[in-house]
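Have a look at the structure below, then the notes.
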Amino acid sequence: MTRAVRMAGDRESWPGDVLERALLRGVRLEWPKKEEFGDLSTPLAMSLAKELGKPPRTVAGVVLAALREIPEAENTFSKIEIAGPGYINFSLSSAYLSDFLERCLSGEALVPKVKAPRRINVEFVSANPTGPLHVGHGRGAAFGDSLARLLREVGHEVSTEYYINDAGNQMNMLGKSVYLALRKITGNESPEEKLRLLGESDGYRGAYIADIAREILETPGVMDADVLADARDGRFTDRVQATFTDFSQRRIMEGIREDLAGFGVSFDRYFSEKTLHKKADDGLSSIERWLSLLEREGGGSIYSSDGALWFKTTAMADDKDRVLKKSDGSYTYFAADIAYHADKVARGYDTMVDVWGADHHGYQARMQAVAKTLSDRAGRPVDLKICLIQLVSLLRDGTAVSMSTRAGEFVTLREVVDEVGVDATRFSYLTRSHESALEFDLSKAKERSMDNPVYYVQYAHARIRSLLAQAAGRGVSVGTFHAKDFAPLTEPAERSLIRLMAQFSGVLHRAAESFEVHPLTDYLTALAGAYHHYYFHHRILSSEEADRPVMMARIGLSTAAGRILAAGLSLLGVRAPDSM
RNA sequence: GCGCCUGUAGCUCAGUAGGAUAGAGCGUCGGACUUCGAAUCCGCAGGUCGCAGGUUCGAUUCCUGCCAGGCGCACCA
């Protein structure tokens with residue numbers, strides 16, 4: 001295409017700068033909405049026409065003439081035509097489509113790799129270990145995990161990471177909450193003690209807090225006898241604080257890992273914030289080391305004022321600069337975040353993806369400022385891509401399920417997964433763009449209806465597997481397929497199906513480029529629909545000898561479609577069942 | 001007050017770096033199982049793309065201003 005545009009440009013002596021600018025933008029290929037417009041389409045001539053000051057259809061005509069002289073174009077397209085206001089529409093030739101099917105079945109990778117693979121770190125969930133994961137975390141988990149799989153699939157080098165906020169007051173409060181729960185269980189609850197430890201705060205009050213306290217009391221050996229004795233008697237020593245905090249956090253983190261594992265999500269690395277605060281042999285913590293390094297080499301982004309240390313986040317459109325080290329000498333959460341991201345850059349990533357809850361959007365500007373500084377210092381481009389996951393509201397039979405975080409009465413991810421299953425939960429989370437709020441209706445998610453397309457897609461796959469099993473049962477032996485075997489596929493429904501299948505890798509690449517996963521979910525639903533339609537209208541298995549070539553071609557087509565469905569579902573972390 | 005996200009069919013949402021007659025599912029209504037899985041298929045109806053301007057040959061898409069909903073604006077974590 002690029003070549004054709006160049007040829008056309010030479011021939012018509014179009015201004016070179018206009019041409020190069022257009023080519024730099026890239027020749028955009030779209031999938032036309034209607035099949036009558038072909039399989040691929042480009043509005044290129046229309047944008048070119050604007051700059052050239054010529055009618056779009058004329059420009060398209062010149063490009064088309066040049067295209068016809070290119071042999072590859074001749075082979076891959078059966079028809080190229082100008083339509084509408086100046087689109088150039090391409091219809092894929094049956095030879096191309098047959099080759100495509102052969103490749104699908106040959107065991108070759110379905111998806112070509114990107115030319116310039118990047119080293120990408122995807123950080124997601126990163127929930128504080130102060131309680132179990134709730135449905136909002138679940139959406140982030142499904143998104144981050146599938147995004148990572150997607151990025152990997154298109155050829156990037158991807159690793160995933162969970163940042164554990166295990167430092168700071170929240171952790172102490174967790175320890176205190178469990179301690180107080182234990183006091184309550186042993187019949188020693190006292191408002192004075194609570195006020196002394198937590199002040200006005202309520203602390204953490206979910207049932208899981210009492211569970212942990214009960215475990216400490218009832219399971220011999222989980223806690224040092226001296227510490228337990230102190231706790232029972234109401235001596236809240238530093239050691240009690242440390243032991244309770246540590247134990248509670250470990251328990252909760254174990255629970256989180258279990259919930260994630262049950263949800264099909266695992267991480268390459270869990271990164272503890274605590275390690276950033278810990279003093280090394282040289283007496284400096286990681287935070288201190290990074291901050292002083294950036295103070296020297298960060299291009300003036302860090303400065304002192306009013307007895308505190310600041311980061312110049314206004315450089316990146318933040319409202320005001322942010323404090324790193326408070327005048328009392330302690331570090332803010334933001335300081336740890338800087339050290340953490342600096343560490344990621346030092347580990348060689350060139351793209352950092354941060355998946356956050358939408359309520360953190362106010363932090364974007366400051367983190368982008370940090371990324372800019374880190375990138376400049378590293379002397380290479382390092383991108384920070386922040387994906388904000390919008391709210392999930394839970395419904396049951398159309399009415400909101402109340403979720404009061406304060407009282408710890410939120411619906412956990414585990415409860416949802418137990419109720420509706422991993423597949424339906426993950427698929428539902430991924431049917432919408434992550435930046436629009438999601439309504440998750442528990443009763444609908446359980447239904448096996450089109451309100452819940454996961455079953456629709458899985459059913460298409462199961463249908464295909466069952467068909468193939470049926471074929472095998474009838475003694476149909478399936479060998480290796482060659483492009484020519486697909487010549488009998490002449491039905492419009494077959495062509496529509498293949499045309500859609502051929503979009504698979506394009507959908508993945510485009511989704512990966514925009515760091516989205518819901519286009520894949522939509523695509524799979526459409527592909528399943530195309531297969532169901534085809535299957536309903538055309539008989540595949542036949543015992544007539546004369547039908548054998550058609551049958552074999554259809555079996556090949558079905559196998560290929562099944563493979564694409566399975567590949568897509570696996571990226572979503574959803575099973576592709578053989579039967580259901 | 002400032003900032004971010006959202007506003008498209010009765011409902012839930014898509015809509016590809018401005019492009020062809022704005023799409024899908026659910027829901028409503030009406031059809032299709034003696035043959036490979038009816039968890040399926042086929043059809044009908046349903047729209048001032050929040051409102052008003054602007055840029056453009058062309059705007060759901062870009063810009064400005066309103067309106068509505070959600071979220072966020074700490075030397076908290």
Side-chain angles (χ1 to χ4, degrees), chain A residues 25-26 28-34 36-37 41 43 46-47 49-50 55-56 83-87 89 128 130 165 167-171 173 273 306-310 317-320 322-334 336 357-365 388 390-391 393 398 431-433 435-439 441 444 447-456 458-460 462-471 473-474 506-507 510-511 513-514 516 518-519 521-522 525-526 528-529 531-542 551 554-555 558 579-580:
Chain A
R25 282 198 301 267
R28 203 165 82 253
L29 286 176
E30 304 175 341
W31 295 300
K33 289 177 237 170
K34 307 207 166 198
E36 56 196 272
F37 298 142
S41 166
M46 291 186 284
S47 55
K50 186 176 197 162
Y87 285 99
N89 293 340
N128 293 0
T130 54
N165 296 131
N169 284 331
Q170 299 299 318
M171 287 300 114
M173 195 188 281
E273 183 193 348
D306 302 332
L309 198 61
W310 299 72
D318 201 3
D319 312 341
K320 48 174 291 195
R322 304 292 168 173
V323 171
L324 299 170
K325 187 181 187 180
K326 297 179 245 177
S327 41
D328 70 4
S330 63
Y331 291 95
T332 61
Y333 185 87
F334 183 43
D359 54 342
H360 291 77
H361 70 251
Y363 300 85
Q364 279 184 103
L388 295 175
Q390 292 291 329
L391 208 78
S393 44
T431 46
R432 308 288 179 238
S433 156
E435 55 192 40
S436 82
L438 177 78
E439 280 194 1
D441 193 314
K444 279 187 179 170
E447 268 174 38
R448 298 172 171 188
S449 70
M450 253 318 274
D451 237 1
N452 193 12
V454 62
Y455 296 114
Y456 186 75
Q458 288 186 316
Y459 182 54
R463 209 171 208 187
I464 289 169
R465 302 299 302 173
S466 147
L467 173 82
L468 297 177
Q470 189 95 15
R474 294 189 187 187
V507 168
R510 215 177 52 193
E513 275 163 30
S514 54
E516 289 180 298
H518 83 275
T521 320
D522 283 354
T525 308
Y531 189 80
H532 284 310
H533 172 90
Y534 170 57
Y535 179 92
F536 191 85
H537 294 281
H538 300 284
R539 176 99 203 154
I540 291 167
L541 301 181
S542 165
M551 176 176 77
R554 289 179 172 179
I555 288 177
S558 297
S579 68
M580 48 196 290

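Naming convention: chains lettered A, B, ... in sequence-line order (proteins, then strands); numbering from 1 in each chain.
Contact annotation: His533(A) reaches the phosphate of rC42(B) (side-chain N/O to OP1 or OP2, under 4.0 Å). OP1 or OP2 of rG15(B) sits under 4.0 Å from a side-chain N or O of His518(A). Residue Gln390(A) places none of its side-chain N or O atoms closer than 4.0 Å to OP1 or OP2 of rG70(B). In this structure, Lys33(A) reaches the rA20(B) phosphate: one of its side-chain N or O atoms is under 4.0 Å from OP1 or OP2. Contact check, Thr521(A) against rA14(B): no side-chain N or O comes under 4.0 Å of OP1 or OP2. Put simply, Tyr456(A) has a side-chain N or O that comes within less than 4.0 Å of OP1 or OP2 on rC41(B). Between Arg463(A) and the phosphate of rA38(B), there is a side-chain N or O to OP1/OP2 separation shorter than 4.0 Å. Taking 4.0 angstrom as the limit, Lys326(A) places a side-chain polar atom (N or O) nearer than this to OP1 or OP2 of rA77(B).
Annotation for Ala336(A) and Glu273(A): closest pair CB-OE2, 3.6 Å, computed over non-hydrogen atoms.
Among the nucleotides rU21(B), rC36(B), rA14(B), the one closest to any side-chain atom of Glu36(A) is rU21(B). Residue Tyr459(A) places its side chain closer to rA38(B) than to any other of rU35(B), rA77(B), rA38(B).
Among the duplex regions that RNA chain B forms, those built from at least three successive Watson-Crick or G-U pairs under 3.5 Å are B:1-7 with B:67-73, B:10-13 with B:23-26, B:29-32 with B:40-43, B:50-54 with B:62-66, ordered by first number.
Ser41(A) comes within contact range of at least one nucleobase, with a heavy-atom separation under 4.0 Å. Within 4.0 Å (heavy atoms only), Lys320(A) reaches sugar-phosphate atoms of the nucleic acid but no base atom. Within 4.0 Å (heavy atoms only), Ser579(A) reaches at least one base atom of the nucleic acid. Contacts of Ala437(A) with the nucleic acid, taken as non-hydrogen atoms under 4.0 Å apart, involve only primed sugar atoms and P, OP1 or OP2. Here Ala365(A) lies out of heavy-atom contact (under 4.0 Å) with every strand. Within the 4.0 angstrom heavy-atom criterion, no nucleotide atom of any strand lies near Asn165(A). Base engagement by Ala83(A) is indicated by at least one non-hydrogen atom pair under 4.0 Å involving a base atom. Looking at heavy-atom distances under 4.0 Å, Ser466(A) makes contact with a base. Within 4.0 Å of Met171(A), counting heavy atoms only, lies no atom of the nucleic acid at all.
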(request) Carefully, step by step, assess Tyr535(A) and His532(A) under the rule ring-ring contact (aromatic ring centres under 6.0 Å, His included). (result) CA-CA 5 Å; Tyr535(A) 179 92; His532(A) 284 310; 7.8 Å; no
(message) Applying side chain to side chain contact (heavy atoms under 4.5 Å, CB included) to Thr431(A) and His518(A), what does each step give before you reach the verdict?
(response) CA-CA 5 Å; Thr431(A) 46; His518(A) 83 275; over 6 Å; no
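In this structure, Ala358(A) and Pro85(A) both approach RNA chain B, and ranking their closest nucleotides by distance from the 5' end singles out Pro85(A). When each of Phe37(A) and Asp328(A) is assigned the nucleotide of RNA chain B bearing its nearest heavy atom, the one mapping closer to the 5' terminus is Phe37(A).
Atom-to-atom, CZ of Phe536(A) to P of rU40(B) comes out at 12 Å; the value is rounded to the nearest Å. Atom pair Tyr531(A):OH and rC41(B):P shows a separation of 13 Å (rounding to whole Å applied). One atom, CG of Leu438(A), and another, P of rC71(B), lie 16 Å apart when rounded to the nearest Å. Nucleotide rG3(B) holds its C1' atom 10 Å from the CG atom of Asp318(A), rounded to whole Å.
The same atom, C1', is picked in rC41(B) and in rU35(B); the two are 16 Å apart, to the nearest Å. Nucleotides rU40(B) and rC33(B) place their C1' atoms 10 Å apart, quoted to the nearest Å. Nucleotides rG47(B) and rA24(B) place their P atoms 15 Å apart, quoted to the nearest Å. Going from the C1' atom of rA14(B) to that of rU8(B) covers 10 Å, rounded to whole Å. Between the C1' atoms of rG10(B) and rG72(B), the separation comes to 33 Å (whole Å). A distance of about 30 Å separates the C1' atoms of rG30(B) and rU48(B), rounded to the whole Å. Straight-line distance between the C1' atoms of rA52(B) and rC67(B): roughly 11 Å, to the nearest whole Å. Separating the C1' atom of rA77(B) from that of rC2(B) is a span of 23 Å, rounded to the nearest Å.
rC33(B) has its base syn relative to the sugar, with a glycosidic angle deviating from 0 by at most 90°.
For the salt bridge (charged side-chain N to carboxylate O under 4.0 Å, His left out) test, no residue two or more places apart in sequence or in another chain qualifies with Arg432(A). Partners of Tyr331(A) according to the side chain to side chain contact (heavy atoms under 4.5 Å, CB included) rule, which considers only residues two or more places apart in sequence or in another chain, are Ile287(A), Glu288(A), Leu291(A), Lys325(A), Ala335(A).
Side-chain to base pairing of Ser327(A) with rC75(B): one donor and one acceptor N or O lie within less than 3.5 Å of each other. Under 3.5 Å, the side chain of Asn89(A) and the base of rA20(B) form at least one donor-acceptor pair of N or O atoms. Below the 3.5 angstrom threshold, one finds a donor paired with an acceptor across the side chain of Tyr363(A) and the base of rA77(B).
Ring planes of Tyr531(A) and Tyr534(A): perpendicular class, angle over 60° (limits at 30 and 60°).
Distance check: Thr521(A) OG1 to Glu516(A) CD gives 10.5 Å after rounding to the nearest 0.5 Å.
Each of Tyr333(A), Trp310(A), Phe334(A) was scored for a side-chain contact (heavy atoms from CB on, under 4.5 Å) with Leu324(A), with one residue passing: Phe334(A).
Side-chain contact between Leu309(A) and Val323(A): absent, with no pair of heavy atoms (C-beta onward) separated by less than 4.5 Å.
Under 3.5 Å, the side chains of Ser330(A) and Asp328(A) contain a donor-acceptor pair of N or O atoms.
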